[in-house]
Trainee: 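Here you go, one structure.
So you know, we letter chains A, B, ... as the sequences are listed, proteins then strands, and number each from 1. Since the structure is predicted, the reported quantities are computational estimates derived from the model, not experimental observations.
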Amino acid sequence: MSPGNPTDIAEDVFSQDDNIFANRQLLNIGHVPNPDRIVGRDDEIRKLAEQLRGAIDGHAPDNVIIYGKTGTGKSLVSKYVMTRAQETAESAVSIGTVYLDCSEDNTETQAVSSLARRLNQQDITGTAVPPTGLSTAKYYKHFWEIIDAQFDVAIIILDEVDLLANDDLLMKLSRAEEADKVDCHIGIIAISNKIQYAEDLNERVKSSLRHKELFFQPYDATQLRDILQNRTDAFQTDVLTDDVVPLCAAFAAQEHGDARKAIDILRHAGKIAYKQGAKMVTEAHVREAQQYAEKDRFRELIDGAPTQAKTILMALAELSLNAEAEAFPTRKVFEQYQLICKQIGMDELTERRFRDILKEQAFLGIVEIHKKNQGLAGGVNLENRLIEDPEIVKDILREDNRMNGWHD
DNA sequence: CCTCCACTGGAATGTGAGGCGT
DNA sequence: ACGCCTCACATTCCAGTGGAGG
């Protein structure tokens, strides 16, 4: 490529024919495929539908807690069954449906606020719900009024419930009917990837929730292959070499059967091929994409994180690279953190706060923490280890402007 | 089975921003 | 304009923890 004037370059890029992708949307993460494209989840769909059965006649549906690792189709199946229920309901029965991602609204107030606003149809209820500013109790009041005015049954999906700060929301939702707050029946589908979630629940919540449980097993390599095969029409005909799909499936199966990951890799492979102006997507593209997807996943995890959290991770990465050990006591990491703070001219947090942030990172799956007891003179301490390759972590953290002042 | 140590993590409290109702 | 609410983030204080080694 000869260095020409910028206008030509831009034109080149824009006018480049897309000879790889036909319909890229099919590979987007949030994309809900047609039912005939949902692979290997027939059992799960049937079981979930049985729980919601009551709803279509206007009775109370059962509450369900769904377990399964990421990318096993939990959200997909729930959304699908929920919409089907709404569509097939008796004409006299009006069903309201909401999907709430608790990782976004992770406090009780935010969650009710979102639920109320999403279900509210102003022309029927005549009220508007402000996004913030009200007390929690008022949001509940709004919410009860809204569902009562509009629906016979409300089905609520709470995705990633384990990220909710406490159980109060579940408690109040499941108690609403007995407490005569509402006439509308409420069905809750709670989705969690922590198996012990229900065990950790408050006894009172458990008894009023009276939930059924549903487990989603990871996809096996064959199912992953089918899933990908079902989406190959995102590409132009005959651009995928034969080993592309099986290889993507194999990479994802190695992890834990994560369909999202499989699709991610496939999409990236396509993008890479496109960028290179290749005619076909090959095995090499897939291998490159796999590495890229790894970085991407991590970048997504920490992108929105506050600078303090990033600095803490940087400290841990730095230690991992320079020392022979893999895991480090909190004190050590804190000292390294203080060092970095000084260099980039950032305020230092107290050690107590530092510990909390580090623990948050563990919850997010970025670091791993083990308790260690040195006995007589050592006392109790925690050992922190980066899960991701420290090189990758460092690379990505360096993308943050605040880290510019940092050099080793 | 008891002791001992240094770190852990719960609780109380403060600050500042965002936003509603009157 | 004012009072009142919640939430996010941070600090301060300190009782509790738990396994190696006696």
Side-chain angles (χ1 to χ4, degrees), chain A residues 100-118 120 122 125-146 158 160-173 196 200 202 301-316 319 323 325-342 344-364 366-385 400 402:
Chain A
L100 184 75
D101 185 350
C102 301
S103 63
E104 278 166 36
D105 300 302
N106 51 10
T107 68
E108 192 188 357
T109 319
Q110 279 174 30
V112 210
S113 155
S114 285
L115 288 178
R117 267 180 304 125
R118 289 203 201 155
N120 190 23
Q122 271 199 48
T125 58
T127 48
V129 183
T132 62
L134 298 189
S135 69
T136 315
K138 285 188 184 163
Y139 275 118
Y140 275 112
K141 214 174 234 168
H142 267 121
F143 183 60
W144 304 140
E145 280 169 17
I146 286 168
L158 300 173
E160 316 219 36
V161 256
D162 39 309
L163 295 184
L164 273 182
N166 57 44
D167 310 336
D168 292 353
L169 177 69
L170 277 179
M171 175 81 169
K172 294 201 173 109
L173 285 179
Q196 348 80 304
D200 297 345
N202 191 318
L301 264 180
I302 61 161
D303 222 12
T307 316
Q308 289 288 4
K310 289 183 181 170
T311 312
I312 290 172
L313 289 174
M314 184 59 110
L316 191 51
L319 280 176
E326 271 216 307
F328 307 89
T330 313
R331 176 44 67 63
K332 266 260 173 62
V333 187
F334 184 62
E335 280 162 11
Q336 180 73 30
Y337 157 79
Q338 287 178 310
L339 220 72
I340 298 179
C341 280
K342 282 207 186 72
I344 67 175
M346 192 175 64
D347 293 343
E348 285 171 26
L349 296 175
T350 49
E351 196 175 346
R352 182 65 186 82
R353 179 68 187 136
F354 173 88
R355 281 203 297 270
D356 275 347
I357 295 183
L358 202 50
K359 213 178 162 189
E360 263 168 50
Q361 305 311 306
F363 185 71
L364 292 174
I366 300 175
V367 301
E368 194 178 64
I369 297 183
H370 273 299
K371 209 169 206 166
K372 207 177 167 190
N373 195 320
Q374 317 262 47
L376 205 57
V380 181
N381 58 359
L382 300 183
E383 299 237 288
N384 308 277
R385 187 180 73 83
D400 193 296
R402 285 298 298 268

Trainee: To the nearest Å, give me how far apart CG (A:Asp356) and P (C:dT11) are.
Mentor: 11 Å
Trainee: Please report the closest heavy-atom contact between A:Glu383 and A:Ala327, naming both atoms and the distance.
Mentor: CB-CB, 4.0 Å
Trainee: At under 4.0 Å between heavy atoms, what does A:Arg355 touch on the DNA or RNA strands: base, sugar-phosphate, or nothing?
Mentor: base
Trainee: Side chain to side chain donor-acceptor pair (under 3.5 Å) for A:Glu351 and A:Tyr337? Distances and angles first, verdict last.
Mentor: CA-CA 10 Å; A:Glu351 196 175 346; A:Tyr337 157 79; over 6 Å; no
Trainee: Indicate the atoms forming the closest heavy-atom contact of A:Arg117 with A:Val129, along with that distance.
Mentor: CD-O, 3.1 Å
Trainee: As a test of reading the structure: which of B:dG9, B:dC7, C:dT11 is closest to the side chain of A:Thr350, going by heavy atoms?
Mentor: C:dT11
Trainee: Choose from C:dA10, C:dC7, B:dT8 the nucleotide whose nearest atom is closest to any side-chain atom of A:Gln110.
Mentor: C:dC7
Trainee: Check the distance between C:dG19's C1' and A:His370's NE2 and give it to me in whole angstrom.
Mentor: 17 Å
Trainee: Whole Å only: how far is the NZ atom of A:Lys372 from the C1' atom of B:dC5?
Mentor: 15 Å
Trainee: Output the distance between atom CZ (A:Phe363) and atom CG (A:Leu358), rounded to the nearest 0.5 Å.
Mentor: 14.5 Å
Trainee: As an exercise, state the distance from CG of A:Leu313 to CD of A:Gln361, rounded to the nearest 0.5 Å.
Mentor: 4.5 Å
Trainee: What is the per-nucleotide protein-contact pattern of nucleotides 11-22 of chain B, from the 5' end, where B denotes a base atom under 4.0 Å from a protein heavy atom, S denotes such proximity for sugar-phosphate atoms only, and - denotes neither?
Mentor: --------SSS-
Trainee: Using a 3.5 Å distance criterion without hydrogens, assess whether the side chain of A:Asn384 forms a donor-acceptor pair with backbone atoms of A:Phe328.
Mentor: yes
Trainee: How long is the line joining CD of A:Gln374 and C1' of C:dG18, in whole Å?
Mentor: 12 Å
Trainee: Would you mind reading off the distance between A:Asp347 atom CG and C:dC9 atom C1', rounded to a whole angstrom?
Mentor: 13 Å
Trainee: Taking only the side-chain heavy atoms of A:Asn373 (C-beta and beyond), determine which of C:dG19, B:dC7, B:dG9 contains the nearest atom.
Mentor: C:dG19
Trainee: Map A:Gly379 and A:Asn384 onto DNA chain B by nearest heavy atom, then report which one ends up closer to the 5' terminus.
Mentor: A:Gly379
Trainee: Whole Å only: how far is the CZ atom of A:Phe354 from the C1' atom of C:dT12?
Mentor: 18 Å
Trainee: Which of the following nucleotides, B:dG9, C:dG19, C:dT17, is nearest to the side chain of A:Val380?
Mentor: C:dT17
Trainee: Between C:dC7, B:dT8, C:dT11, which one does the side chain of A:Leu349 approach most closely?
Mentor: C:dT11
Trainee: When the distance from CG of A:Asn381 to P of B:dC4 is rounded to whole Å, what number comes out?
Mentor: 20 Å
Trainee: Using a 4.0 Å heavy-atom cut-off, does A:Glu351 contact any base of the nucleic acid, only the sugar-phosphate backbone, or nothing at all?
Mentor: nothing
Trainee: Nearest whole angstrom, please: distance from the P of B:dA6 to the CZ of A:Arg331.
Mentor: 10 Å
Trainee: Looking only at heavy atoms, which two atoms of A:Ala111 and A:Leu100 are closest? And how far apart?
Mentor: CB-CD2, 3.8 Å
